Amino acid sequence: MSHPQMIKTPAGERMVILPLKEYEQLREAAEDFADGLAYDKARQRLAAGEDELVPARFGERILNGENPIRVWREYRGLSVKELAGRANISAAYLSQLESGSRQGSLTTMKALTAALGLDLDDLI
């Protein structure tokens, strides 16, 4: 690593000039450090039960446009009748939500998230 050159701006701010390759190495190291912090935070959330690991096939279904209510219900191993009962809605209404033929009210969506152990963001 070479010696960086220090300059002073007209406003009195001290600046450092260094070779581009060294700047890129520093930037990469900073990104790696930030990734490590994010990883540690994710592990802490998992250990505290604030987050969960979900098999990729379920995430892919949601990313491919499948209804998140259905995907999460199936991931949790619940029937339509079981989830509807837990959310205090009819099974027919839940089926309509899952098929996309009806939109759920905020109250209904909150009931479903509570029944599925999710955050509202997971269903919207």
Side-chain angles (χ1 to χ4, degrees):
M1 194 153 152
S2 64
H3 281 311
Q5 180 183 359
M6 301 281 254
I7 62 170
K8 198 174 205 180
T9 67
E13 186 178 22
R14 293 176 64 197
M15 307 273 297
V16 176
I17 298 175
L18 63 147
L20 179 60
K21 184 176 180 179
E22 290 179 26
Y23 165 77
E24 289 171 345
Q25 290 171 338
L26 286 171
R27 187 172 173 183
E28 185 177 323
E31 289 173 358
D32 289 346
F33 182 74
D35 290 346
L37 291 176
Y39 174 80
D40 291 343
K41 185 175 181 179
R43 293 207 26 117
Q44 289 170 353
R45 288 183 56 80
L46 284 170
E50 297 169 356
D51 233 338
E52 67 181 300
L53 295 176
V54 177
R57 69 180 184 274
F58 288 96
E60 288 168 359
R61 288 173 58 189
I62 292 171
L63 291 173
N64 289 331
E66 194 170 334
N67 185 285
I69 299 170
R70 174 179 290 131
V71 174
W72 280 107
R73 176 182 59 75
E74 291 177 358
Y75 174 67
R76 297 283 191 245
L78 300 171
S79 69
V80 170
K81 187 175 180 180
E82 288 171 320
L83 178 55
R86 290 182 184 188
N88 202 28
I89 61 174
S90 72
Y93 182 38
L94 177 56
S95 292
Q96 291 170 336
L97 294 174
E98 288 187 357
S99 71
S101 63
R102 286 190 66 186
Q103 297 246 334
S105 68
L106 182 58
T107 302
T108 299
M109 297 306 284
K110 285 182 177 181
L112 287 168
T113 58
L116 291 166
L118 303 171
D119 292 324
L120 192 55
D121 292 344
D122 294 319
L123 293 185
I124 297 176

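For clarity, every value in this text was computed on a predicted model and none was experimentally measured. We use all heavy atoms of the structure for the numbers below, so side chains are in, but hydrogens, waters and symmetry mates are not. Residues: numbered from 1 along the sequence shown.
- To the nearest 0.5 Å, the span separating CG on Asp122 from CE on Met109 amounts to 10.5 Å.
- A side-chain donor-acceptor contact under 3.5 Å links Ser99 and Ser101.
- A distance of 7.5 Å separates CG of Leu120 from NZ of Lys110, quoted to the nearest 0.5 Å.
- Linking ILVMFWY residues whenever their side-chain heavy atoms come closer than 4.5 Å, directly or via other members, leaves Tyr75 and Leu53 in distinct clusters.
- Tracing side-chain contacts under 4.5 Å through hydrophobic residues (I, L, V, M, F, W, Y), one never reaches Leu20 starting from Ile7; they form parts of separate clusters.
- Annotation: side chain of Val54 is in contact with side chain of Trp72 (closest heavy-atom distance under 4.5 Å).
- Interatomic distance, Arg86 CZ to Arg73 CZ, rounded to the nearest 0.5 Å: 12.0 Å.
- Closest approach of Leu112 and Leu94 over heavy atoms only: CD2-CD1, 4.0 Å.
- Hydrophobic cluster membership is shared by Leu106 and Leu118, with clusters built from Ile, Leu, Val, Met, Phe, Trp and Tyr side chains linked at under 4.5 angstrom.
- In the hydrophobic clustering of ILVMFWY residues, with side-chain heavy atoms under 4.5 Å counting as a link, Val16 and Leu26 come out together.
- Taking CG of Leu123 as the start and OG1 of Thr108 as the end, the distance is 11.5 Å to the nearest 0.5 Å.
- When side chains are defined from C-beta on, Lys8 does not count as touching Met15, because their heavy atoms never get closer than 4.5 Å.
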Please list, one pair per line, the donor and acceptor atoms closer than 3.5 Å that link side chains of residues 76-85 to other protein atoms, with sequence neighbours excluded.
unit_1: Arg76; atom_1: NE; unit_2: Leu116; atom_2: O; d: 2.7
unit_1: Arg76; atom_1: NH1; unit_2: Glu52; atom_2: OE1; d: 3.0
unit_1: Arg76; atom_1: NH1; unit_2: Glu52; atom_2: OE2; d: 3.3
unit_1: Arg76; atom_1: NH2; unit_2: Glu52; atom_2: OE2; d: 2.7
unit_1: Arg76; atom_1: NH2; unit_2: Leu116; atom_2: O; d: 3.0
unit_1: Ser79; atom_1: OG; unit_2: Lys81; atom_2: N; d: 3.4
unit_1: Ser79; atom_1: OG; unit_2: Glu82; atom_2: N; d: 3.0
unit_1: Ser79; atom_1: OG; unit_2: Glu82; atom_2: OE1; d: 3.4
unit_1: Glu82; atom_1: OE1; unit_2: Ser79; atom_2: N; d: 2.7

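- Here the shortest heavy-atom pairing between Ala115 and Ala87 reads CB-N, 4.2 Å.
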Evaluate the side-chain contact (heavy atoms from CB on, under 4.5 Å) criterion for residues Glu24 and Glu28: first the C-alpha distance (whole Å), next the side-chain angles of each, then the deciding distance (0.1 Å), finally the verdict.
CA-CA 6 Å; Glu24 289 171 345; Glu28 185 177 323; over 6 Å; no
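- Remark: Glu22 CD to Ile17 CD1 distance equals 13.0 Å, nearest 0.5 Å.
- When the shell of 6.0 Å around CD of Glu31 is examined, it contains more than 12 heavy atoms from other residues, nucleotides or ligands.
- The neighbour count for Asp51 CG, taken as heavy atoms of other residues, nucleotides or ligands under 6.0 Å away, is above 12.
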Name each donor-acceptor pair under 3.5 Å that joins a side chain in residues 55-69 to protein atoms two or more places apart or in another chain, with its distance.
unit_1: Arg61; atom_1: NE; unit_2: Glu66; atom_2: OE1; d: 3.0
unit_1: Arg61; atom_1: NE; unit_2: Glu66; atom_2: OE2; d: 3.3
unit_1: Arg61; atom_1: NH1; unit_2: Glu74; atom_2: OE1; d: 3.1
unit_1: Arg61; atom_1: NH2; unit_2: Glu66; atom_2: OE2; d: 2.5
unit_1: Arg61; atom_1: NH2; unit_2: Glu74; atom_2: OE1; d: 2.5
unit_1: Asn64; atom_1: ND2; unit_2: Glu60; atom_2: O; d: 3.1
unit_1: Asn67; atom_1: OD1; unit_2: Ile69; atom_2: N; d: 2.8
unit_1: Asn67; atom_1: OD1; unit_2: Arg70; atom_2: N; d: 3.3
unit_1: Asn67; atom_1: ND2; unit_2: Leu97; atom_2: O; d: 3.0
unit_1: Asn67; atom_1: ND2; unit_2: Glu98; atom_2: O; d: 3.4

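- Between atom CG of residue Asp40 and atom CZ of residue Arg45 there is a gap of 14.0 Å, rounded to the nearest 0.5 Å.
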